[in-house]
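Because the structure is a prediction, the values reported are computed rather than measured. Position 1 is the first residue of the sequence, and the numbers go up from there.
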Amino acid sequence: MIMIVVRLVGWIAVWFGSLFLIVATPPWIAWIFLPFLVYATFRAVLQLAYFRPSLHIKRVLQQYPWQFLTDVPRGRNKHPQAQEDEMWFEIPNPEKPEEQIPLLFLANMRTFWWMRRFGTSRTKPELKAQIEPLWFAGDPRFIAVVAAASRGGETPKRLHLLYQRTATGRRGITPTDWNASPAALESARRAGAHVPHPSHQR
């Protein structure tokens, strides 16, 4: 979160600096600084787009510990249990480990990095290896954070928020309990997921 704010301030400073140079220099020189202005605008918008997901990621990590998962099934084609045609990981149900739950990469500005590493038959093995093993925190039935391993494998990097559509709280989407225990529902609620109240479980 702090780094996002620092980067945002930095790119805003670059934007104002580029604008000043464009205004303060002769036209035949000013055009040199125009690419810097455009790129700084793009990066500042990108940092703003990261801000809200970062708040959700913080809430998830306050409720769930990191897990280090290996050989996690993943795919770029439509998952047979999902309606959307998106990339996915399959993560075991924490209360029924034999049940694999697809977590989809619903499209946003941070998906491209992961898309390249999910790969195809032509993707270089060293790219695919960057998300194997996988850092995971959360409950795949509701909300979770995934991350790639750092070079030494000791810390997570490239944190990415994943969630089930039923846990977004959007109008017209009814939350589902997945037959989760009251404790699991409460943890998911504290992590920011929209879930039924335990008293509403069948």
Side-chain angles (χ1 to χ4, degrees), residues 50 53-54 56-170 173-181 183-185 187-196:
Y50 293 168
S54 295
H56 288 296
I57 286 172
K58 183 178 180 180
R59 290 185 66 178
V60 172
L61 296 181
Q62 287 174 339
Q63 294 300 316
Y64 299 101
W66 282 113
Q67 303 176 55
F68 208 46
L69 306 180
T70 58
D71 299 320
V72 177
R74 65 180 189 249
R76 287 184 60 170
N77 297 324
K78 185 177 182 296
H79 193 280
Q81 297 179 30
Q83 295 181 348
E84 298 87 353
D85 188 3
E86 303 284 358
M87 301 185 304
W88 48 268
F89 280 122
E90 274 189 348
I91 307 295
N93 184 331
E95 296 182 312
K96 295 180 181 178
E98 71 279 2
E99 179 185 5
Q100 295 286 322
I101 297 176
L103 262 174
L104 306 184
F105 275 71
L106 302 175
N108 61 47
M109 297 177 72
R110 302 196 75 177
T111 305
F112 182 72
W113 187 91
W114 289 87
M115 183 184 298
R116 289 191 64 211
R117 282 137 186 92
F118 264 64
T120 64
S121 58
R122 298 181 180 181
T123 302
K124 296 179 180 179
E126 54 266 30
L127 272 182
K128 293 183 177 181
Q130 290 180 17
I131 54 174
E132 172 61 42
L134 180 75
W135 287 81
F136 177 85
D139 188 325
R141 297 168 293 183
F142 307 111
I143 191 168
V145 175
V146 294
S150 62
R151 187 177 297 274
E154 298 178 355
T155 56
K157 67 175 185 177
R158 293 279 179 175
L159 278 64
H160 192 86
L161 182 73
L162 298 179
Y163 50 84
Q164 299 291 349
R165 281 198 184 276
T166 53
T168 61
R170 294 174 184 166
I173 299 179
T174 304
T176 183
D177 58 27
W178 289 78
N179 293 317
S181 67
L185 290 175
S187 292
R189 182 179 293 105
R190 290 177 180 271
H194 289 259
V195 298

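When all heavy atoms are compared, the tightest approach of V60 to G138 is CG1-CA, 4.3 Å. Across A148 and W113, no two heavy atoms sit closer than the pair CB-CH2, 3.7 Å. Taking each heavy atom of A137 and L61 in turn, the nearest pair found is CB-CD2, 3.7 Å.
Q164 contributes a side-chain N or O that, together with a main-chain N or O of P140, makes up a donor-acceptor pair within less than 3.5 Å. With hydrogens and angles disregarded, no donor-acceptor distance shorter than 3.5 Å links the side chain of R190 to the backbone of R59. For Y64 (side chain) and F136 (main-chain N/O), no donor-acceptor pair under 3.5 Å exists by modelled atom type.
Residues W178 and V195 form no side-chain contact, since every pair of their non-hydrogen atoms from C-beta on lies 4.5 Å or further apart. Side-chain atoms of L162 and I91, non-hydrogen and from C-beta on, never get closer than 4.5 Å to each other. At least one side-chain heavy atom of F89 sits under 4.5 Å from a side-chain heavy atom of F118. M115 is listed as a side-chain neighbour of R76, based on a closest heavy-atom distance under 4.5 Å. At a threshold of 4.5 Å between non-hydrogen side-chain atoms, the residues I173 and H194 do not count as touching.
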Listed pairs under 3.5 Å, donor-acceptor, residues 96-106 side chains, sequence neighbours left out:
from, atom 1, to, atom 2, distance (Å)
E99, OE1, N93, ND2, 3.0

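For E126, the CD atom counts as densely surrounded, since its 6.0 Å shell holds more than 12 non-hydrogen atoms of other residues, nucleotides or ligands.
A salt bridge (Lys or Arg N to Asp or Glu O under 4.0 Å) check over residues 132-146, counting only residues at least two apart or in different chains, returns the pairs E95-R141, D139-R141.
Residues satisfying the side-chain contact (heavy atoms from CB on, under 4.5 Å) test with A147, not counting sequence neighbours, are W66, W135, P156, L159. With sequence neighbours excluded, the residues forming a side chain to side chain donor-acceptor pair (under 3.5 Å) with R117 are Q130, listed by chain and number. Residues meeting the side chain to side chain donor-acceptor pair (under 3.5 Å) test with E90, sequence neighbours left out: H79. Partners of A167 under the side-chain contact (heavy atoms from CB on, under 4.5 Å) rule, at least two apart in sequence or in another chain, are F142, A193. With sequence neighbours left out, E84 forms a side chain to side chain donor-acceptor pair (under 3.5 Å) with R165.
Atom CD1 in I57 sits 9.0 Å away from atom CD1 in I143 (nearest 0.5 Å).
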